[in-house]
Amino acid sequence: MTARLNVNIDHVATVRQARRAPEPSIVAAAMLCEQAGADGITIHLRGDRRHIQDNDLYALRQTVTTYLNVEMAANEEMMKVALDNLPDAVTLVPENPNEITTEGGLDARANLSIVRAAVHRLREGGIITSLFIDPDPQQIEVAHEIGAQQVELCTAEYAEATLGARAAHNEGAMRAAHELRRLREAATLAMQYGIRVAAGHGLTYRNVGAVASIEEITEFNIGHNIISRAIFTGLERAVLEMREAIRAGSKS
Ligand code: PXP
């Protein structure tokens, strides 16, 4: 079965925040993505509010009709926001104020008590809880132990290996194949524990296909590459083309 696609629309808000202007509208973006067949909308509410704002989450909760996934850090401020707004899902991510984007997965093992408490509270609130982790068997064991319903495997290392000049060299191809194997093994282990498997970070129209061929992965969260293409093609077409890239990969 073809995996679902949640479109991460953070960078629509990035353009808006560049001018602190009302446009482009995050709600209009979400509606266009849904019209184009996105299975859900993902946003990352960061501690520094560099793109998505609290009002955006509120507005999207009222308007998104498919599935709303909010990425956030596992701290008290964010727990309160999640439980006040009740998105369909929360993905717990690590957050460092100096990072350009999320750098790797959450170390659920090193932060066991914090992550366990967050998963418990979110689940009590009726929110599906996902952990954004590296494709590492030890992290999956922890996800199982603390009752996370889903893991999102970080594809950043794989994506990096497929980019630009590096990918043209044999070394890049070998690294990509190695990272793909790690993703596949992690996805299989998570499935064995009955944990749903998502994937995301750094995926593009060109590299998503190989990841989509991993049957255990049932959801993708993809943002930057779709919004980048949308500048030239419009959002609906950009979403349609990513859905098609996932569909084509899942058949290979
Ligand atoms: N998944 C998670 C957990 C993320 O933090 C991000 C980036 O916000 C994404 C997916 C989407 O990554 P990209 O914008 O590179 O597609």
Side-chain angles (χ1 to χ4, degrees), residues 1-12 29-44 64-71 88-89 91 93 101-102 105 128 130-135 149-164 167 173 176-177 179-188 190-191 195-252:
M1 217 175 67
T2 304
R4 291 175 293 119
L5 170 63
N6 298 336
V7 180
N8 179 317
I9 55 173
D10 289 351
H11 296 304
V12 174
M31 284 173 65
L32 283 174
C33 290
E34 289 186 315
Q35 274 172 29
D39 301 288
I41 300 298
T42 292
I43 52 172
H44 184 173
V64 166
T65 58
T66 51
Y67 185 82
L68 182 62
N69 171 38
V70 181
E71 301 167 358
D88 298 290
T91 303
V93 299
T101 180
T102 314
I128 294 169
S130 184
L131 302 185
F132 181 59
I133 54 171
D134 290 328
Q149 290 127 306
Q150 179 172 300
V151 289
E152 178 174 340
L153 300 177
C154 176
T155 51
E157 294 281 334
Y158 160 76
E160 176 78 10
T162 66
L163 280 183
E179 291 300 331
L180 206 54
R181 231 178 357 260
R182 288 182 69 209
L183 289 165
R184 193 180 292 282
E185 285 167 10
T188 306
M191 267 290 276
I195 301 174
R196 275 170 34 183
V197 188
H201 211 286
L203 293 174
T204 69
Y205 294 86
R206 284 177 292 279
N207 68 22
V208 75
V211 187
S213 74
I214 302 174
E215 274 175 27
E216 289 83 359
I217 295 176
T218 55
E219 175 186 298
F220 284 99
N221 289 289
I222 307 179
H224 187 268
N225 209 234
I226 295 176
I227 304 304
S228 301
R229 182 169 293 204
I231 291 171
F232 303 109
T233 67
L235 196 47
E236 287 185 275
R237 190 157 149 207
V239 171
L240 273 170
E241 288 179 5
M242 187 58 85
R243 284 187 67 215
E244 179 49 32
I246 293 171
R247 197 193 58 76
S250 67
K251 297 215 154 140
S252 63

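In this structure, Asn225 and Met242 approach most closely via the heavy-atom pair OD1-CE, 4.3 Å. Smallest separation of non-hydrogen atoms from Asp134 and Cys154: OD1-CB, 3.6 Å. When all heavy atoms are compared, the tightest approach of Pro135 to Leu153 is CA-CD2, 4.2 Å. Scanning both residues, Ala3 and Ile246, for their nearest heavy atoms gives O-CG2, 4.0 Å. For the residue pair Glu34 and Thr65, the shortest heavy atom distance occurs at OE2-N, 2.9 Å. Closest non-hydrogen pair, Ala176 versus Ala161, comes out as N-CB, 3.6 Å.
Two residues are said to be in side-chain contact when any heavy atoms from C-beta on lie closer than 4.5 Å; Tyr158 and Leu183 meet this criterion. With a 4.5 Å cut-off on side-chain heavy atoms, Ile43 and Ile9 count as touching.
The CZ atom of Arg206 lies 8.5 Å from the CG atom of Leu163; values are rounded to the nearest 0.5 Å. Distance check: His201 NE2 to Glu160 CD gives 11.0 Å after rounding to the nearest 0.5 Å. Here the CD-CZ distance, from Glu71 to Phe132, works out to 7.5 Å after rounding to the nearest 0.5 Å. Taken to the nearest 0.5 Å, the OG1 atom of Thr2 stands 8.5 Å off from the CZ atom of Arg243. Interatomic distance, CD1 of Ile217 versus CE of Met191, reported as 11.0 Å (0.5 Å rounding). To the nearest 0.5 angstrom, Leu180 atom CG is 13.5 Å from Glu157 atom CD.
A donor-acceptor pair shorter than 3.5 Å cannot be found between the side chains of Asp39 and Thr66. When only modelled atom types and interatomic distance are considered, Asn221 and Asn6 share a side-chain donor-acceptor pair under 3.5 Å.
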Show your reasoning for whether side chain to side chain contact (heavy atoms under 4.5 Å, CB included) applies to Gln150 and Glu219.
CA-CA 10 Å; Gln150 179 172 300; Glu219 175 186 298; 3.3 Å; yes
Please test Leu203 against Val211 for side chain to side chain contact (heavy atoms under 4.5 Å, CB included), starting from the C-alpha separation and ending with a verdict.
CA-CA 9 Å; Leu203 293 174; Val211 187; 4.1 Å; yes
Quick one: do Val239 and Ile226 satisfy side chain to side chain contact (heavy atoms under 4.5 Å, CB included)? Show the steps, please.
CA-CA 7 Å; Val239 171; Ile226 295 176; 4.1 Å; yes
Stepwise, does the side chain to side chain contact (heavy atoms under 4.5 Å, CB included) test hold for Asp10 with Val12?
CA-CA 6 Å; Asp10 289 351; Val12 174; over 6 Å; no
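Between Thr162 and the choices Thr204, Thr155, Asn207, the side-chain hydrogen bond (donor to acceptor under 3.5 Å, both in side chains) rule is met once, by Asn207.
Arg247 meets the side-chain hydrogen bond (donor to acceptor under 3.5 Å, both in side chains) test with Glu244; sequence neighbours excluded. Residues meeting the salt bridge (charged side-chain N to carboxylate O under 4.0 Å, His left out) test with Arg182, sequence neighbours left out: Glu179. Residues passing the side chain to side chain contact (heavy atoms under 4.5 Å, CB included) test with Arg184 are Ser213, Ile214, sequence neighbours excluded.
Ionic pairing of Arg181 and Glu185 is not present here: no N-O contact between side-chain nitrogen and carboxylate oxygen is shorter than 4.0 angstrom.
Looking only at distances, no side-chain donor or acceptor of Asn8 sits under 3.5 Å from a matching main-chain atom of Ile222.
A cation-pi geometry, defined here as NZ or CZ lying under 6.0 Å from the six-membered ring centre and within 45° of its normal, holds between Arg229 and Tyr205.
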